[in-house]
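Below you'll find the structure I mean.
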Amino acid sequence: MLKDSKAFSGFSVDDIQKAKEFYGQTLGLKVSESHGLLTLHLAGGNNVLIYPKPNHAPATFTILNFPVDNVDKAVDELAKRGVRFEIYNTPDIKTDEKGIMRGKGPTIAWFKDPAGNILSVLDEGT
């Protein structure tokens, strides 16, 4: 029944305008707005819906991953745009001073959107 449905994912934020600025300006993604909702138009024709939720609670897991050719370069470029990368020092996840985890799984760096949702850039060879 649903095998031919062009499904898409979505997540909530607490402020649509802040999300529009972050995803459109800071991250440089194509964003459209309709009826108070945002759509991220990702490479490959994939879309993600962003919707406002007054009692929004940030996801405690990574909601969106961006494969890149070079994680260090992506981190440096995004940091110049004001993105702050998460620093982890737990038994399972340890990042360097730039916020990049290396050598245990894919090279990856996590950051948050203005609503506190977790995103990542990771080695596209993953």
Side-chain angles (χ1 to χ4, degrees):
M1 176 175 141
L2 297 178
K3 72 177 185 152
D4 294 323
S5 175
K6 295 185 179 173
F8 60 92
S9 184
F11 58 89
S12 70
V13 297
D14 55 1
D15 187 317
I16 284 290
Q17 290 310 310
K18 282 184 184 176
K20 185 176 183 180
E21 182 179 318
F22 179 76
Y23 286 97
Q25 302 293 321
T26 304
L27 300 187
L29 299 174
K30 183 177 176 189
V31 177
S32 62
E33 185 174 4
S34 179
H35 306 291
L37 306 173
L38 296 180
T39 300
L40 299 181
H41 304 276
L42 304 175
N46 299 318
N47 292 331
V48 176
L49 179 69
I50 300 176
Y51 56 92
K53 187 174 178 193
N55 60 345
H56 165 76
T60 59
F61 52 87
T62 308
I63 62 162
L64 197 54
N65 297 286
F66 294 95
V68 295
D69 288 333
N70 184 313
V71 173
D72 280 279
K73 184 177 176 182
V75 166
D76 291 345
E77 287 180 21
L78 290 169
K80 287 178 189 173
R81 295 177 180 201
V83 173
R84 188 180 66 79
F85 286 84
E86 299 297 301
I87 304 295
Y88 295 109
N89 187 14
T90 69
D92 294 329
I93 301 174
K94 292 187 187 313
T95 58
D96 62 19
E97 66 281 349
K98 288 173 67 172
I100 302 172
M101 183 180 80
R102 306 168 196 275
K104 187 174 183 180
T107 301
I108 185 169
W110 294 274
F111 59 101
K112 294 181 180 177
D113 73 3
N117 295 310
I118 302 169
L119 315 169
S120 83
V121 289
L122 74 159
D123 180 47
E124 78 176 344
T126 301

Item to check | Where at least one partner belongs to residues 73-83, residue pairs that pass side chain to side chain donor-acceptor pair (under 3.5 Å), sequence neighbours excluded | outcome: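 For residues 73-83: D76-K98.
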Hey, can you pull the donor-acceptor pairs under 3.5 Å for the side chains in residues 27-40, sequence neighbours left out?
residue: S32; atom: OG; partner: H41; partner atom: NE2; Å: 2.7
residue: E33; atom: OE1; partner: K20; partner atom: NZ; Å: 2.9
residue: E33; atom: OE2; partner: Q17; partner atom: NE2; Å: 3.2

Using a 3.5 Å cut-off and no angle test, enumerate the donor-acceptor pairs between side-chain atoms of residues 50-68 and protein atoms at least two apart in sequence or in another chain.
residue: H56; atom: ND1; partner: S12; partner atom: O; Å: 3.2
residue: H56; atom: ND1; partner: S12; partner atom: OG; Å: 2.7
residue: H56; atom: NE2; partner: A115; partner atom: O; Å: 3.1
residue: T62; atom: OG1; partner: W110; partner atom: NE1; Å: 3.2
residue: N65; atom: OD1; partner: S120; partner atom: OG; Å: 2.6

Checklist entry - In terms of hydrophobic clustering (I, L, V, M, F, W, Y; side-chain heavy atoms under 4.5 Å; direct or indirect links), are Y23 and V48 co-clustered? => result yes
Next on the checklist: Do F11 and I16 land in one hydrophobic cluster if side-chain heavy atoms of ILVMFWY residues count as linked below 4.5 Å?
Outcome noted: yes
Item to check | Single-linkage hydrophobic cluster F111~V71, side-chain heavy atoms < 4.5 angstrom | outcome: yes
Checklist entry - Atom CD1 in I87, atom CD1 in I100: separation rounded to 0.5 Å? => result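 Here the rounded value is 9.0 Å.
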Next on the checklist: Working note: T95 + E86, criterion side chain to side chain contact (heavy atoms under 4.5 Å, CB included); need CA distance, chi angles, decisive distance, verdict.
Outcome noted: CA-CA 8 Å; T95 58; E86 299 297 301; over 6 Å; no
Item to check | Shared hydrophobic cluster for F22 and L49 (ILVMFWY, side-chain gaps under 4.5 Å) | outcome: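 No, separate clusters.
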Checklist entry - Would a 4.5 Å heavy-atom cut-off, applied to side chains only, mark F85 and L78 as touching? => result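 A side-chain contact under 4.5 Å exists here.
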Checklist entry - Do the side chains of L119 and I108 join up, straight or via other hydrophobic residues, at under 4.5 Å, putting them in one cluster? => result no
Item to check | Over all atoms of both residues, closest heavy-atom pair of D15 and K18 | outcome: OD1-N, 2.9 Å
Checklist entry - How many angstroms lie between atom CG of D96 and atom CG of D72, to the nearest 0.5 angstrom? => result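 The distance works out to 7.5 Å.
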Next on the checklist: For F8, I'd like to know if atom CZ has over 12 heavy atoms of other residues, nucleotides or ligands within 6.0 Å.
Outcome noted: no
